[in-house]
Structure formats: structure tokens, C-alpha cells
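Below is one structure, written out as C-alpha cells; the observations come after it.
In what follows, chains are A, B, ... by sequence order, proteins preceding strands, each numbered from 1. All of these numbers come straight from a predicted model, not from anything done at the bench. We use all heavy atoms of the structure for the numbers below, so side chains are in, but hydrogens, waters and symmetry mates are not.
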Amino acid sequence: MEYRITERGTELTVGNCFDLRNTFECGQCFRWNEDTDSPVCSYTGIAKNKQLRIYRDGGVIVLEDCSREDFENIWKDYFDTDTVYDDIRKEIVELCPSLECAVQSIDGIRILAQEPWEALCSFIISQNNNIPRIKGIVSRLCENFGEPCGSGYSFPSAETISKLTPDDLAPLRAGFRARYIIDAAQKVADGRVSLEKMYDAPIEDCRKELMTITGVGAKVAECTLLYGLHRLDAFPVDVWMKKALSTTFNGLDISSLGRYAGIAQQYIFHYTRNL
DNA sequence: GCCCAGGTATAAA
DNA sequence: TTTATACATGGG
């Protein structure tokens with residue numbers, strides 16, 4: 001994707017291939033909040049220990065005060081600016097024409113390349129929970145155990161959380177998930193679960209390893225792989241997916257989508273949620 | 001008050 | 001292997 005550095009920051013010419021609201025509100029992330037006082041569509045969030053405001057101005061997306069260095073080192077990968085999602089959408093529909101309605105139900109979504117530990121931890125918190133409350137718990141996790149960063153706090157490392165007990169997490173009001181968070185932090189911190197290796201290991205091996213964590217099932221594993229490791233080939237084999245495929249799409253085999261099964265799943269999720 | 005949320009562990013059939 | 005239930009909490 002073309003970008004240029006201006007006095008405003010880094011500017012991306014995107015047309016309709018990057019919709020901030022669809023990207024940030026689709027349930028893939030919990031650390032971006034809309035700037036309600038802004039006259040244009042604008043969000044502020046923190047990733048990789050950097051705070052960023054990003055907003056739309058016509059056909060341009062502006063990363064406020066973002067240097068070339070920060071864009072190249074952080075946000076280029078995070079926003080996956082070199083992937084052409086319109087091409088992927090076309091390929092999904094070619095492979096599975098019955099998914100056209102799902103693909104067209106939402107546009108401009110980009111799959112963020114979040115940090116693996118943050119994604120794992122966030123989706124452990126997400127289980128049997130709603131998005132506003134998930135965001136609240138994640139926010140309190142950062143305020144209590146993260147480092148000051150811009151006007152907020154960074155996401156605490158697995159090493160930091162691994163030294164705590166479920167009682168220490170009481171201020172989060174995460175309920176039964178507190179012990180899951182600790183178990184995940186300990187396994188990641190001591191290497192029993194190696195997130196770094198999951199960027200290119202066989203997807204089934206990754207899923208298995210993640211599911212050794214208490215509180216991590218097929219769904220949390222899939223979300224971790226898709227959103228935290230940017231494994232676009234990840235797809236869930238859980239109850240929700242089976243249900244969506246059997247009722248709405250009548251037996252469609254999503255695994256035939258191969259390397260784009262994960263993205264297809266995102267469209268299916270959005271479509272079935274809004275039926 | 002009541003229902004339920006991007007699920008999973010656990011027990012029981 | 002499949003199915004039922006509890007789980008902590010609080011948003012709507």
C-alpha cells in the first residue's frame with residue numbers, strides 16, 4: 001500500500017480498502033477506542049508499547065504524528081498494509097460461491113497483526129463474555145500491571161503476569177478466568193508454550209500446544225493464531241463454527257479455503273451474528 | 001430481576 | 001464420543 005510522510009504523520013491512500021470502524025469493532029481487538037470528540041472517524045489505541053491516533057480524511061487514512069521509522073517498524077505490519085484484501089475476498093468467493101453473501105456483508109476489514117501474548121490473553125478473557133466487559137477487563141489489566149504509555153498503559157508481559165496469583169488479579173474482576181490467565185502466562189513465560197515458533201509451525205501443532213493451557217479450547221486457540229500470529233489459515237473447529245456451517249451454509253467445508261480459511265471465518269462470523 | 005456474552009472444564013450418559 | 005451444567009461478572 002502506498003504511503004507518504006507529511007506534516008500530519010503517515011498517510012495511506014486507501015479508498016474503501018481500510019474501514020476503521022469495521023476493523024476495530026469486529027471483535028478482533030479490545031484496545032482501540034473511538035475518539036467520540038473527533039469530527040471524523042478516529043480511533044486511538046496502543047500496540048507494541050506505542051500509542052497511536054488514526055483517522056480518516058476522505059480517501060486517506062492518517063496515522064497521526066507517525067514517523068517513517070515507526071510506520072516501517074510497527075504499524076506497517078500491524079495494519080497488514082501490504083496485503084490486498086480485495087484480492088482475498090475475490091478468491092474466497094471463487095473457492096466457495098456460497099460465501100458471497102458473507103463476504104459482502106462487511107468490507108474494509110483488515111486482520112490486525114496483534115502481539116501473540118496480548119491476543120492469547122485477550123481471548124482467554126473473551127470466553128463467555130461480552131465485548132464491552134472484555135474491554136473493561138483488558139483495560140484494568142493494563143492499568144494495574146502495564147507500563148505508562150502515552151495517555152494509557154502498555155499490555156503487561158507474560159513474564160510480569162506469570163509471577164502473580166489469581167488473587168492478585170482480583171481488581172480485574174475477570175471472574176473464573178483469572179486462573180486461566182495465570183496458567184497461560186506461566187506456560188508462555190517458561191517456554192512450555194512457544195508463541196514465537198507458531199508463526200510458521202503446522203497449524204494443528206500450534207492448536208494442540210495452545211490447548212495445553214487451562215481455559216484455552218479450539219476457539220481461543222484459533223483467535224490467538226488468527227489475530228495474534230496472523231495465521232490467516234487458522235480456522236476454528238468448535239461448536240459455534242459447526243453450527244454456523246450446518247445451519248447457515250449447509251455443510252460448507254471451510255477447510256477447502258486453505259490459506260484463507262481464517263479470513264473467511266471472520267466474514268462468516270460477522271454475517272451470522274447479524275442475521 | 002432476567003438474559004446472555006466471539007467458551008471451556010468437568011462430570012455423566 | 002457426545003451432551004449437560006457450572007462458571008464470575010455485569011452490560012443491556
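- Nucleotide dG6(B) holds its C1' atom 19 Å from the OH atom of Y271(A), rounded to whole Å.
- I134(A) comes within 4.0 angstrom of no nucleic acid atom, judged by non-hydrogen atoms across all strands.
- No contact: E222(A) has no heavy atom under 4.0 Å from any strand.
- Here F123(A) does not lie in a stacked arrangement on the base of dG6(B), lacking the combination of planes under 30° and ring centres under 5.5 Å apart.
- Looking at heavy-atom distances under 4.0 Å, G27(A) makes contact with a base.
- Not a single donor-acceptor contact under 3.5 angstrom links the side-chain atoms of K219(A) to the base of dG7(B).
- A donor atom on one side chain and an acceptor atom on the other are found under 3.5 Å apart for N33(A) and K135(A).
- Y85(A) and D80(A) are linked by a side-chain donor-acceptor pair at a separation below 3.5 angstrom, with hydrogens and angles left out of the test.
- A straight line from CG of L169(A) to P of dA8(C) spans 14 Å, rounded to a whole angstrom.
- In the model, N129(A) has no side-chain atom that pairs as donor or acceptor with a side-chain atom of S126(A) under 3.5 Å.
- For R173(A) and dG10(C), the shortest distance from a side-chain N or O to OP1 or OP2 is below 4.0 Å.
- Among the protein residues, Y227(A) comes within range of the nucleic acid bases, having at least one heavy atom under 4.0 Å from a base atom.
- Comparing atom distances between the Y180(A) side chain and each of dG6(B), dA9(B), dA5(B) picks out dA9(B) as nearest.
- When distances run from any side-chain atom of F176(A) to the nucleotides dG6(B), dA9(B), dC7(C), the shortest one goes to dC7(C).
- Comparing dA5(B), dT8(B), dA9(B) by their nearest atom to the side chain of N128(A) picks out dA5(B).
- Side-chain proximity of R179(A) to the nucleotides dG7(B), dT10(B), dG12(C) is greatest for dT10(B).
- Base contact: C26(A) has a heavy atom under 4.0 Å from a base atom.
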